[in-house]
Student: 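One structure, pasted below without further comment.
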Protein chains: 2
Amino acid sequence: MKCKDALVMELTDALPPRADEAAAFLKSLANPHRLLILCALAQGERNVSTLIEETGVAPTSMSQHLSKLKDEGVVDFRRDHRTLTYFIAHPAAVEIMTVLYAHFCAKD
Amino acid sequence: MKCKDALVMELTDALPPRADEAAAFLKSLANPHRLLILCALAQGERNVSTLIEETGVAPTSMSQHLSKLKDEGVVDFRRDHRTLTYFIAHPAAVEIMTVLYAHFCAKD
DNA sequence: TGATCATATCATAAAAATATAAATTGAAAA
DNA sequence: TTTTCAATTTATATTTTTATGATATGATCA
């Protein structure tokens, strides 16, 4: 068997058993509005009203997107008085965004 | 304004205008069968029959998944005799898989 | 040139994702 | 303790995704 690269070998062996989890995680990021939300949160934690203003996503839709991100462990929140402050909870999310930035924005 | 990190700044500024493209790209990867296909292709190019054997994905479904990956530029193929040989065409795909591996497989 | 093999396309049904409007929760201020 | 406000939940319609079976393409071999 031809070994191309140790990382690729490990990846192709180890990832298939986790394909369901990994795909569910990716799917939770794979929406334009959720990427906008995560870009805002990458700058720092935000409450829901601020996220609505900054992204232009409608309130009900925002709740549903945040709920989906929370279910997948991508974000978490804490209660501050009567507002909820959301923040990125999964380091892989920022790493994925960094790859997207490198390939979709930094092409010069 | 508090500057946390130069990369995060660039990312949060530059990614939102590309959110639709970036989300479409992520969506093309965000399926368990397509991740299996890409893990196989990460080891090297494969024809469709081999991909079907290695992944257990049904032929019609395989064609549709490959077509979706091709539409998004993730894979490409060439014709060899009467078989089609597919290969990964977008480096970002392997980078995303590497992030997934690090977070879903290499957690010890 | 007719049969065969690899793969794709078409048609369809079922499941999941998304957006929107209306109703609800629950903490805090009056 | 009633009102208010931030956010969520529910209900519903639309669109998208996925799987499957049947048919079609198109290159090659006999």
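Proteins get letters first, then strands, A, B, ... in listed order; numbering begins at 1 in each. Only heavy atoms go into these numbers, but all of them, side chains included; no hydrogens, no water, no symmetry mates.
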Student: Need one value for B/Y86: base, sugar-phosphate or nothing, where a base atom within 4.0 Å counts as base even if backbone is also close, heavy atoms only.
Tutor: sugar-phosphate
Student: Tell me whether the OP1 or OP2 atom of C/dT18 has a side-chain N or O from A/N31 closer than 4.0 Å.
Tutor: yes
Student: Is there a continuous path of hydrophobic side-chain contacts, each under 4.5 Å between heavy atoms, that joins B/L84 to B/F87?
Tutor: no
Student: If we only count heavy atoms from C-beta on, is the B/D80 to B/N47 side-chain gap below 4.5 Å?
Tutor: no
Student: Are B/V99 and B/L36 in one and the same hydrophobic cluster, where Ile, Leu, Val, Met, Phe, Trp and Tyr link if side-chain heavy atoms are under 4.5 Å apart?
Tutor: no
Student: Quick check for you: to the nearest 0.5 Å, what is the distance between B/Q43 atom CD and B/I88 atom CD1?
Tutor: 10.0 Å
Student: What is the distance from CE of A/M62 to C1' of C/dT18, rounded to the nearest Å?
Tutor: 14 Å
Student: Considering only heavy atoms of chain A and a distance under 4.0 Å, specify the first and last nucleotide of DNA chain D in 5' to 3' order that meet this criterion.
Tutor: D/dT4 to D/dA11
Student: For C/dT18, does either OP1 or OP2 sit under 4.0 Å from a side-chain N or O belonging to A/K68?
Tutor: yes
Student: Go through the steps to decide whether B/L41 and B/L51 satisfy the test side chain to side chain contact (heavy atoms under 4.5 Å, CB included), and finish with yes or no.
Tutor: CA-CA 8 Å; B/L41 293 179; B/L51 284 174; 3.9 Å; yes
Student: To the nearest Å, how far apart are A/E72 CD and C/dA16 C1'?
Tutor: 14 Å
Student: Does OP1 or OP2 of C/dA17 have a side-chain N or O of A/R34 closer than 4.0 Å?
Tutor: no
Student: Apply side chain to side chain contact (heavy atoms under 4.5 Å, CB included) to A/L29 and A/L38, showing your working.
Tutor: CA-CA 8 Å; A/L29 309 183; A/L38 291 169; 3.6 Å; yes
Student: Tell me: CD1 of A/I52 to P of C/dA19, nearest whole Å?
Tutor: 13 Å
Student: To the nearest Å, how far apart are A/L36 CG and C/dT18 P?
Tutor: 13 Å
Student: Show me the donor-acceptor pairs, under 3.5 Å and distance only, between side chains in residues 60-70 of chain B and residues at least two apart or in other chains.
Tutor:
from  : atom 1 : to    : atom 2 : distance (Å)
B/H65 : ND1    : B/R34 : NH1    : 3.0

Student: Hey, are the side chains of A/H81 and A/T83 touching, using non-hydrogen atoms and a 4.5 Å cut-off?
Tutor: no
Student: Write down the protein N/O and nucleotide N/O pairs, taken from nucleotides 21-29 of chain C, whose separation is under 3.5 Å; answer none if there are no such pairs.
Tutor:
from   : atom 1 : to    : atom 2 : distance (Å)
C/dA22 : N6     : A/T60 : OG1    : 3.4

Student: In chain order, what residues pass the ring pair (Phe, Tyr, Trp, His ring centres under 6.0 Å) check against A/F25, with sequence neighbours excluded?
Tutor: A/H90, B/F104
Student: Any side-chain heavy-atom pair from A/F77 and A/V48 closer than 4.5 angstrom?
Tutor: no
Student: Mind listing the residues from residues 22-29 of chain A sitting with a heavy atom below 4.0 Å of DNA chain D? Number order is fine.
Tutor: none
Student: Taking only residues two or more places apart in sequence or in another chain, which ones pass side-chain contact (heavy atoms from CB on, under 4.5 Å) with A/A23?
Tutor: B/P32, B/L35
Student: Please give, in whole Å, the distance from C/dA15 P to B/H33 NE2?
Tutor: 16 Å
